[in-house]
Amino acid sequence: MSLNSPFFDRRVLLVEDEMLVAWLLEDMLADLGCSVIGPASSVNQALAMIDAEAIDAAVLDLNLNGRMSYPVADVLAAHGVPFVFATGYDKDTLLEDYRTFPVLQKPIQRSELSETLAQLLTPQKPSVESAIVVIGETSP
Amino acid sequence: MPSEDNKSKEQQTAESEVESFRKDLGPFVVAAETTRMAMVFTDAKEANHPLIFANDSFLSLAGYDREEVLGQSFDFLMGHPTDPEELARVEAAFAGSSESEFEICFRRQAGSMLWAAVFISPILDKTGDVVQHFASFVDLSEHKQEEDRLRFLLGELNHRTQNTLATVQAIAVQTLRGAANKEVVDAFEGRILALSKAHSLLGRKHWETVSLRDVIDQILQPFGLNDRRAIRFSVAGDDFRLQPKAALTLAMVFHELATNAVKHGALSNGAAGKIDIVWHAEPPPQSDRMRLRWQESGGPPVVPPGRKGFGSRLIEGGLAQDLAGEVHLDYEPLGVVCQIIMPVRLQVGE
């Protein structure tokens with residue numbers, strides 16, 4: 001873990017019901033320098049953690065003991081917290097409304113996890129750039 | 001939509017035509033009316049193929065009363081589709097001079113959809129003109145449901161395979177942590193991940209065939225295949241279809257080659273090397289075989305390994321045994337060269 005890591009001290013919620021996989025992801029996130037919140041193994045547990053903790057991003061297993069984690073996704077989206085789904089299902093088995101969110105295919109590869117997290121944790125700037133373009137276009 | 005007046009006029013015409021059938025063909029009409037095969041006759045003189053006869057089986061399959069369908073155009077049954085491809089298919093079936101068969105999804109009166117195989121055949125008069133068409137329907141709903149169920153089960157199986165591999169990855173990393181050095185853990189994890197990527201690709205293609213190009217994309221992507229900052233790969237060749245077994249073996253082989261290139265070859269630390277992957281069909285009479293060449297360049301001078309590790313055993317042994325192929329792995333001083341000759345099928349579009 002390094003102080004220079006872009007992930008240093010970032011608070012990442014981990015939602016995963018399978019213990020062994022949760023441990024692995026916890027280690028991977030910790031290796032990156034993240035501070036792991038969780039793991040939560042159910043929808044309710046995850047919602048309680050979102051309520052109680054400050055969270056920068058989340059890794060969200062899609063199927064939690066047979067229950068889909070969409071309600072967690074909804075709350076995260078409402079709070080403006082970026083997240084990525086993790087699933088052993090194919091990407092197009094996601095409900096249509098959720099297909100715009102990033103997906104990590106299980107088993108998860110360290111490099112893919114860190115790339116996706118980096119994207120999630122990078123502040124989005126395009127709105128400023130597009131505002132400048134609009135001003136440029138409308139000014140004579 | 002025809003107006004009410006129009007409709008009743010068409011219906012009258014239809015009924016009088018059926019009456020004339022009944023007079024001319026007596027017992028055959030009774031047979032057509034009572035057979036268990038759903039069938040209709042349409043008028044070939046009108047552009048939209050209005051129904052002039054529908055038997056009881058058809059009415060019970062479609063859930064309509066006779067008055068509701070007689071005089072209606074054929075595409076009424078399909079809920080007036082707007083998809084030009086579907087319409088063209090139906091038109092082609094009617095225009096054909098011989099029998100033709102296709103599948104349609106048609107709309108039941110209750111609003112539910114029904115899949116049916118339709119068989120259309122022209123009926124000629126004495127002068128050889130097409131005066132009517134005969135269409136029979138076989139209910140495919142059960143068949144379609146069975147297909148959906150199988151697709152669901154296959155999806156579930158793929159999901160479970162991926163989850164099992166994720167658990168294997170987790171167990172391995174937990175078990176080896178502290179007991180083995182990082183290199184060993186990474187090597188094991190990398191192989192499990194390569195296997196899972198190949199499984200996932202095959203799962204998406206329902207375990208039929210997959211393209212060589214897709215296998216290369218999946219496996220080499222973590223090695224920087226599409227990295228725009230530094231172009232390390234060039235990949236060129238016609239697309240070939242691979243059987244699942246061949247795809248799995250090749251995926252593992254590409255993974256081993258790439259891992260080796262990262263450790264010792266063209267992709268190793270500080271080297272600005274490159275890997276060219278080129279393949280083509282062998283000249284006839286061996287054109288059902290392809291020759292693929294993996295060529296590294298620009299890496300540090302190659303030193304042949306002292307003993308054969310898992311990687312080279314898999315590359316040389318796995319391919320030769322699993323794929324009825326030939327493999328030549330050469331540690332040439334300028335870069336590793338691996339040549340693979342194996343049976344394939346040329347891609348004929350999906």
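So that the names make sense, note that chain A is the first sequence line, chain B the second, and so on, each numbered from 1.
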Quiz item: Checking S200(B) against chain A: side chain, backbone, both or neither under 4.5 Å from a heavy atom?
Solution: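 Interface part for S200(B): side chain.
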
Quiz prompt | chain A contacts, top residue of Q162(B), K197(B), R160(B), Q221(B) (heavy-atom pairs, under 4.5 Å) | solution =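 With the most close heavy-atom pairs to chain A, the winner is Q162(B).
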
Quiz item: Can you name the closest pair of heavy atoms from P107(A) and A166(B) and give their distance?
Solution: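 The answer is CB-CA, 3.6 Å.
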
Practice problem: Take R177(B) and D31(A) through the salt bridge (charged side-chain N to carboxylate O under 4.0 Å, His left out) test and state the conclusion after the steps. | Solution: CA-CA 13 Å; R177(B) 188 171 266 258; D31(A) 287 346; 3.7 Å; yes

Self-check item: Side chain / backbone / both / neither for M19(A) at chain B, heavy atoms under 4.5 Å
Solution: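 For M19(A), neither part sits under 4.5 Å from chain B.
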
Practice problem: Would you mind checking which part of I108(A) comes under 4.5 Å of any heavy atom in chain B, side chain (CB onward), backbone (N, CA, C, O), both or neither? | Solution: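 For I108(A), the contact with chain B is made by the backbone alone.
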
Please report the interatomic distance [atom1]([X]) to [atom2]([Y]), rounded to the nearest 0.5 Å.
{"X": "Q105(A)", "Y": "Q218(B)", "atom1": "CD", "atom2": "CD", "value": "8.5 Å"}
{"X": "T161(B)", "Y": "K106(A)", "atom1": "OG1", "atom2": "NZ", "value": "13.5 Å"}
{"X": "E18(A)", "Y": "N163(B)", "atom1": "CD", "atom2": "CG", "value": "5.5 Å"}

Quiz item: Hey, which of E112(A), E115(A), Q109(A) has the most heavy atom pairs under 4.5 Å with chain B?
Solution: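 Highest number of pairs under 4.5 Å: Q109(A).
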
Exercise. Could you give me the CA-CA distance, side-chain angles and deciding distance for H159(B) and T93(A), then say whether side-chain contact (heavy atoms from CB on, under 4.5 Å) is met?
Key: CA-CA 10 Å; H159(B) 167 227; T93(A) 55; over 6 Å; no

Taking atom [atom1] of [X] as the centre, does the number of heavy atoms from other residues, nucleotides or ligands within less than 6.0 Å exceed 12?
{"X": "L157(B)", "atom1": "CG", "value": "yes"}
{"X": "D148(B)", "atom1": "CG", "value": "yes"}
{"X": "W23(A)", "atom1": "CH2", "value": "no"}

